[in-house]
Amino acid sequence: MSDKNKKITPEEANLQKIISHAKEYGFVFPSSEIYDGLQAVYDYGQNGVELKNNLKQVWWKAMTMLNDNVVGIDAAIFMHPTTWKASGHVDSFNDPMVDNKDSKKRYRVDHLVEAKAYQYEEQGFPDKAVAVVSSMNQMLEKEDFEGLRQLLIDEKIVCQISGTSNWTEVRQFNLMFSTQMGSVAEESDKIYLRPETAQGIFVNFQNVQQTGRMKIPFGIAQIGKAFRNEIVARQFIFRMREFEQMEMQFFCRPGTEMEWYNFWKEKRRNFLLAIGLPAEKLRFHDHEKLAHYANAALDIEFEFPFGFKELEGIHSRSDFDLKQHQEHSKKKQQYFDEEVEDKEKQRYIPYVVETSIGADRLFLAVLSNAYTEEVKINAKGEEAKRILLKLHPAIAPVKVAVFPLIRKDGLPEKAKEVFELLRYDINTVYEERGAIGKNYTRMDLIGTPFCVTIDHQTLEDQTVTLRYRDTAEQIRIPISELHAKIAYEVSLKRVWEKM
Ligand code: GAP
């Protein structure tokens, strides 16, 4: 079956709308598009970068400003290669892969099986869906690669391109990108592009604890790029090869980790609600299979256009990572806890609860949730379709647009005055070209929550029209009140109020 003849599912059609909107209105472009792009790598455009920066800022401030005991760092992408040996990524950051011999296309086995399970669910066979996933999990656990191949054949799982189940054997494939450090090839060291930001936090645990005189429990937050050679990179910016993570490691006393796990679980969900994601599109999914060192793990799943999928992970990771770094670096990673009465237990390696969310995945969640198509009856009694992004004002790329009603009679000059009043601390645009209606539409499409129009009445009484994006309602407001009103509506305070 060729890609061309493939039927598009409603989920794919919904995602396609988001992808097209993101491209058309300057949010996300395929990377190096003039050379036909690079698979699973994307660039953020003029509106996308603002939205993404706002998401990162709101996460950063929620972590560091609203928690007395969380501080931030910014570690390098390149790390000593032993880091990845200690963390387990060199030996076990693998995905089982299979190639289709006819199309030569490579797939992740778990993705193929999950797609089959999804198909079973769609066809009304939930038991079969559960059975196929649980068979796969058992085989993955035992590293039974021949069994996995047989499962693909028995389940008649075919390649989307060739339509055959002519599969190669299943092989492990490490997801880390590597490069060379040093100029002389023979002498240079192989180093990795970090596959997660978390390790930059672990290796700085002692530095931050000592220089910040941090007392346990405390957290270290970080935002930064991570790289994974995802083989089947699908679903737009959901799974990318270069992406950004926002992670926080919370160091606590052994035995208290479940308390903190539950604390962060609720706190992180509240954050997602506060930036505008609706409760019905969020759910917790406890991991059935835990890593040997973990005592609890869950995903906060979001209902993306293609169904509920992981948005954020909350993991209770015991003292695994610090212990590993202690062993490989031969540097103590202990904490001295004066508050513990039992002298024997005063020195310990802290336990860690981690919260980890992809900035790009959050971007996709927020964008797809905000995308709204409305049909309303207009003044002429006709049906009028409106597309708008109902973004929370605090994260919207542009907060306010200022327009003169017409380009004469002194209105542009007055409009520029209003623009100057707002632009220095509120992201404001000024536009004097085009009809007002079209300008409103354009602002709706990029999610601008407020538009201000300067008309002849403005010259008489110093009031302007303030239009609200979601309701299209318009009110008149004195220019003297405009800045304070908009600044409050778009402030992070509006997010904190809901947390
Ligand atoms: N330190 C833990 C860790 O990295 P993870 O579940 O592999 O855990 C955490 O990743 C989060 O990073 C995910 O919930 C997701 O939001 C984001 N993420 C992971 N891989 C990604 C990818 N290839 N593209 C975009 N985001 C990704």
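The figures here come from the full heavy-atom set of this structure, side chains too, leaving out hydrogens, waters and symmetry mates. Order of listing sets the numbers, starting from 1, for every ligand and every atom in it. Just so it is clear, the structure is predicted and the values come from calculations on it, not from any experiment.
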What atoms of ligand 1 come closer than 4.0 angstrom to any heavy atom of [X]?
X	result
Arg239	22 (C), 23 (N), 24 (N)
Ala198	1 (N)
Glu247	1 (N), 2 (C), 3 (C), 4 (O)

Closest approach of any protein heavy atom to [atom], naming residue and atom:
atom	result
atom 12 (O) of ligand 1	Gln245 NE2, 3.3 Å
atom 9 (C) of ligand 1	Ser356 OG, 2.9 Å
atom 24 (N) of ligand 1	Met240 N, 2.8 Å
atom 14 (O) of ligand 1	Glu310 OE2, 2.6 Å
atom 25 (C) of ligand 1	Phe238 O, 3.2 Å
atom 18 (N) of ligand 1	Phe243 CE1, 3.6 Å

task: Report yes if Leu311 has an N/O atom closer than 3.5 Å to an N/O atom of ligand 1; otherwise report no.
output: yes
N or O contact, Glu196 vs ligand 1, cut-off under 3.5 Å: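 N/O-N/O distance under 3.5 Å: yes.
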Classify the ring geometry between [X] and [Y] as parallel (under 30°), tilted (30 to 60°) or perpendicular (over 60°).
X	Y	result
His292	Phe320	perpendicular
His21	Tyr371	perpendicular
Phe251	Phe205	tilted

field: Heavy-atom pair of closest approach, residues Val208 and Met214
entry: O-CG, 3.6 Å
task: Would you check if the distance from the ring center of Phe302 to the ring center of Phe304 is below 6.0 Å?
output: yes
- prompt: Do Phe250 and Phe263 make the cut of ring centroids closer than 6.0 angstrom?
  reply: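 Aromatic pair excluded; centres sit 6.0 Å or further apart.
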query: Is it the case that Arg253 places NZ or CZ above or below the six-membered ring of Tyr351, under 6.0 angstrom from the centre and within 45 degrees of the axis?
result: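 No, Arg253 does not lie over the aromatic ring of Tyr351.
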query: Is the cationic atom of Lys190 (NZ for Lys, CZ for Arg) positioned less than 6.0 Å from the six-membered ring centroid of Tyr192 and within 45 degrees of its normal?
result: no
query: With respect to atom 5 (P) of ligand 1, which of Glu354, Arg228, Glu312 exhibits the smallest heavy-atom separation?
result: Arg228
